[in-house]
A.B. asks: 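Sharing a structure below in structure tokens format, with a few things to ask.
None of the values given here were measured: they were computed from a predicted structure.
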Amino acid sequence: MSFVIKSTPERAAIWSALFAAHMPDQKIEIWPDIADPHSVEFLAAWVPPRDLEQTFPNLKVLFSVGAGVDQLDLSAVPAHVQVVRMIESGLTDGMVDYVRFSVLALHRGMLRYVAQQREQVWKAHPYVPASALTVGVMGLGQLGLPVVEAVRALGYGCRGWARSRRDIDGIPTFAGQEELDAFLGGTDILVCLLPLTAETTGLLARPLFSRLPRGAGLVHCGRGKQLVLDDLMAALDAGELGGAIVDVTDPEPLPPGHALWNRADVLITPHTASITQAETGGKSIVENLQRYRKGDPLKGLVDRTIGY
């Protein structure tokens, strides 16, 4: 019974040491050095090898090394293989930090000050208190709930939207397409943390932006295919949006020469809002495998019917 790690050498070394300390009886192999593919029952990877069923015919669990599974072709994963997304504190903490920074940067006009610095312009601009702004978070799952609580702690008004109903003490929540307009209409800074589905692909486009208060800000750290880049630039040019902080794009990386690179009202980061921390990520996988051995439900088990 082998556990294969298909990741960076640094992460593989840390995870191997964690297994040695906490599950010394578990055989660990580092891709692509596999002694017997038929003995492989567990695989941790960002993207698994092609022809997964032929490569590891006895695979039982596929662990994603990221918080999502959008990078996986789930149709190529055998139906009997359980797919598990990464749930670990480092991912959550990283996303909370990124959104806090982004909300504060948009609120206090930091993109404009960076542009002024390049032009050697010394000019102050007024701003409203945090309590006068409402931050709306789309996606109220493993990452969205801590983000809402962290933003509320900064003094902003908060609201949340999800496909299905979520109840958060003291925070208005909205559910489904029938409540999306009401959610957007009261959102001054929109944060997207949604998983990628057929319904969310292309969601961040001109029709949605036009339903936000004029001059609203956008923080996008969901998935690249959710954002229509041409619509983002058009909404910024029209004043529908006042600024955007974008961590994910389609395509990714953003091609050299793309018009978005040179916009003073957009900050681009290279898909770094939240990165799996090797130590805590490894501990999460070890604990999940221990749960598997005991017959307990796995944390982060993906519902294959909806893709997350």
A.B. asks: With side-chain contact (heavy atoms from CB on, under 4.5 Å) as the test, would you mind laying out the steps for Glu29 and Lys27 before giving the verdict?
C.D. replies: CA-CA 7 Å; Glu29 296 182 284; Lys27 181 181 179 181; 3.8 Å; yes

A.B. asks: Take atom CG of Asp25 as the centre, draw a 6.0 Å sphere, and report whether it contains more than 12 heavy atoms from other residues, nucleotides or ligands.
C.D. replies: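 For Asp25, atom CG is crowded (more than 12 foreign heavy atoms under 6.0 Å).
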
A.B. asks: For the side chain of Ser102 and the backbone of Ile245, is there at least one donor-acceptor N/O pair under 3.5 Å apart?
C.D. replies: no

A.B. asks: Test side-chain contact (heavy atoms from CB on, under 4.5 Å) on Leu208 and Leu190; report intermediate values, then the result.
C.D. replies: CA-CA 11 Å; Leu208 183 144; Leu190 178 66; 3.7 Å; yes

A.B. asks: Is the shortest side-chain heavy-atom distance between Leu227 and Asp250 below 4.5 Å?
C.D. replies: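 Counting from C-beta outward, Leu227 and Asp250 never come under 4.5 Å.
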
A.B. asks: Is it true that Val219 and Phe209 fall in one hydrophobic cluster, defined by side-chain heavy atoms closer than 4.5 Å?
C.D. replies: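 No: no chain of side-chain contacts under 4.5 Å links Val219 to Phe209.
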
A.B. asks: Given side chains that start at C-beta, do those of Met86 and Ser64 come closer than 4.5 Å, heavy atoms only?
C.D. replies: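 SC-SC contact between Met86 and Ser64 ruled out.
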
A.B. asks: Compare all side-chain heavy atoms of Leu62 with those of Gln82 and state whether any distance is below 4.5 angstrom.
C.D. replies: no

A.B. asks: Are Val248 and Tyr98 connected in a single hydrophobic cluster, I mean Ile/Leu/Val/Met/Phe/Trp/Tyr linked by side-chain heavy atoms less than 4.5 Å apart?
C.D. replies: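 In one cluster with Tyr98: Val248, no.
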
A.B. asks: Quick one: does any side-chain atom of Thr55 pair with a main-chain N or O of Arg50 as donor and acceptor, under 3.5 Å?
C.D. replies: yes

A.B. asks: Quick check: do Leu267 and Val246 have side-chain heavy atoms less than 4.5 Å from each other?
C.D. replies: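 SC-SC contact between Leu267 and Val246 ruled out.
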
A.B. asks: Please find the pair of heavy atoms, one from Met95 and one from Cys221, that lie closest to each other, and give the distance.
C.D. replies: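 Heavy atoms only, the tightest pair is SD-SG, 3.6 Å.
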
A.B. asks: Can you confirm whether Arg11 sits close enough to Thr276 that some side-chain heavy atom of one is under 4.5 Å from a side-chain heavy atom of the other?
C.D. replies: yes

A.B. asks: About how many Å separate CG of Leu18 and CD of Gln26, when rounded to the nearest 0.5 Å?
C.D. replies: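 One gets 13.5 Å once the value is rounded to the nearest 0.5 Å.
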
A.B. asks: Kindly compute the distance separating CG (Leu232) from CD (Glu240), expressed to the nearest 0.5 Å.
C.D. replies: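 One finds 11.0 Å between CG of Leu232 and CD of Glu240.
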
A.B. asks: Verify the cluster assignment for Ile189 and Leu143: are they in a single hydrophobic cluster under the rule of side-chain heavy atoms below 4.5 Å apart?
C.D. replies: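 Cluster IDs for Ile189 and Leu143 match.
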
A.B. asks: For a salt bridge (Lys or Arg N to Asp or Glu O under 4.0 Å) check, start with the C-alpha distance between Arg214 and Asp188, then their side-chain angles and the critical distance, and finish with the verdict.
C.D. replies: CA-CA 8 Å; Arg214 186 168 181 81; Asp188 300 301; over 6 Å; no

A.B. asks: Are Val40 and Phe3 side-chain neighbours, meaning at least one heavy-atom pair lies under 4.5 Å?
C.D. replies: no

A.B. asks: Counting only heavy atoms not in Gln117 (residues, nucleotides, ligands), do more than 12 fall under 6.0 Å from its CD?
C.D. replies: no

A.B. asks: Mind listing the closest non-hydrogen atom pair of Ala150 and Val96 along with its distance?
C.D. replies: CB-CG1, 3.5 Å

A.B. asks: Under the 3.5 angstrom rule, does the side chain of Asp247 hit a backbone N or O of His220 as a donor-acceptor pair?
C.D. replies: no

A.B. asks: Hey, what do you get for OG1 (Thr92) to CD (Gln142), rounding to the nearest 0.5 Å?
C.D. replies: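 That separation rounds to 5.5 Å.
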
A.B. asks: Within the side chain of Asp231, is there an N or O that forms a donor-acceptor pair under 3.5 Å with the backbone of Arg206?
C.D. replies: yes

A.B. asks: Please list, chain by chain and in numerical order, all residues satisfying ring pair (Phe, Tyr, Trp, His ring centres under 6.0 Å) with Tyr292, sequence neighbours excluded.
C.D. replies: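 In terms of ring pair (Phe, Tyr, Trp, His ring centres under 6.0 Å), with neighbours along the sequence ignored, Tyr292 is linked to Phe42.
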
A.B. asks: Between Asn288 and Leu298, is there a donor-acceptor pair closer than 3.5 Å when you use the side chain of the first and the backbone of the second?
C.D. replies: no

A.B. asks: Using a 4.5 Å cut-off on heavy atoms from C-beta on, say whether the side chain of Leu193 contacts that of Met138.
C.D. replies: no

A.B. asks: Got a second to check how far Ile5's CD1 is from Thr8's OG1, nearest 0.5 Å?
C.D. replies: 10.0 Å

A.B. asks: Between the main-chain N or O of Pro195 and the side-chain N or O of Thr200, is there a donor-acceptor pair closer than 3.5 Å?
C.D. replies: yes

A.B. asks: Calculate, to the nearest 0.5 Å, the distance between atoms CD1 and OG belonging to Ile14 and Ser7 respectively.
C.D. replies: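 So the CD1 of Ile14 and the OG of Ser7 are separated by 10.0 Å.
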
A.B. asks: With a 4.5 Å cut-off on side-chain heavy-atom distances among I, L, V, M, F, W and Y, is there a chain of contacts connecting Val191 to Leu180?
C.D. replies: no

A.B. asks: Quick check: His38 with Phe56 (ring centres under 6.0 Å apart)?
C.D. replies: no

A.B. asks: Please report the shortest heavy-atom distance between Phe174 and Ala182, naming the atom on each side.
C.D. replies: CE2-CB, 3.8 Å

A.B. asks: Does the side chain of Glu88 reach to within under 4.5 Å of the side chain of Lys283, using non-hydrogen atoms?
C.D. replies: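 Glu88 does not reach Lys283 side chain to side chain.
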
A.B. asks: State whether the side chain of Ser284 and the backbone N or O of Ile87 hold a donor-acceptor pair below 3.5 Å, judged by distance alone.
C.D. replies: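 Judged by distance alone, yes, a pair lies under 3.5 Å.
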
A.B. asks: Measure the acute angle between the ring planes of Tyr127 and His107, then classify it against the limits of 30° and 60° as parallel, tilted or perpendicular.
C.D. replies: perpendicular

A.B. asks: What's the spacing between Leu140 CG and Arg165 CZ if we round to 0.5 Å?
C.D. replies: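 One finds 10.5 Å between CG of Leu140 and CZ of Arg165.
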
A.B. asks: Working note: Ile168 + Glu149, criterion side-chain contact (heavy atoms from CB on, under 4.5 Å); need CA distance, chi angles, decisive distance, verdict.
C.D. replies: CA-CA 9 Å; Ile168 308 174; Glu149 295 293 350; 3.8 Å; yes

A.B. asks: What are the two closest non-hydrogen atoms of Gln277 and Gly90, and how far apart are they?
C.D. replies: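 Scanning both residues, the minimum pair turns out to be CG-CA, 3.8 Å.
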
A.B. asks: Is the backbone N or O of Gln177 less than 3.5 Å from a side-chain atom of Glu179, with the two atoms forming a donor-acceptor pair by type?
C.D. replies: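 It does not hold such a pair.
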
A.B. asks: For Gly176, is there any backbone N or O sitting under 3.5 Å from a side-chain donor or acceptor partner on Trp161?
C.D. replies: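 Answer holds: yes.
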
A.B. asks: Starting from the C-alpha separation in whole Å, work towards a yes-or-no answer on side-chain contact (heavy atoms from CB on, under 4.5 Å) for Tyr156 and Val148.
C.D. replies: CA-CA 10 Å; Tyr156 295 95; Val148 168; over 6 Å; no

A.B. asks: When hydrophobic residues are tied together by side-chain contacts of less than 4.5 Å, even through go-betweens, does Val147 share a cluster with Ile275?
C.D. replies: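 The answer is no; the residues belong to distinct hydrophobic clusters.
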
A.B. asks: Answer yes or no: is there an ion pair linking Lys299 with Glu287, defined by an N-O contact shorter than 4.0 Å?
C.D. replies: no

A.B. asks: List, by chain and number, the other hydrophobic cluster members for Tyr113, where Ile, Leu, Val, Met, Phe, Trp and Tyr join if side-chain heavy atoms come within less than 4.5 Å, directly or indirectly.
C.D. replies: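 ILVMFWY cluster around Tyr113 also holds Met110.
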
A.B. asks: Between the main-chain N or O of Ala13 and the side-chain N or O of Ser16, is there a donor-acceptor pair closer than 3.5 Å?
C.D. replies: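 Judged by distance alone, no pair lies under 3.5 Å.
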
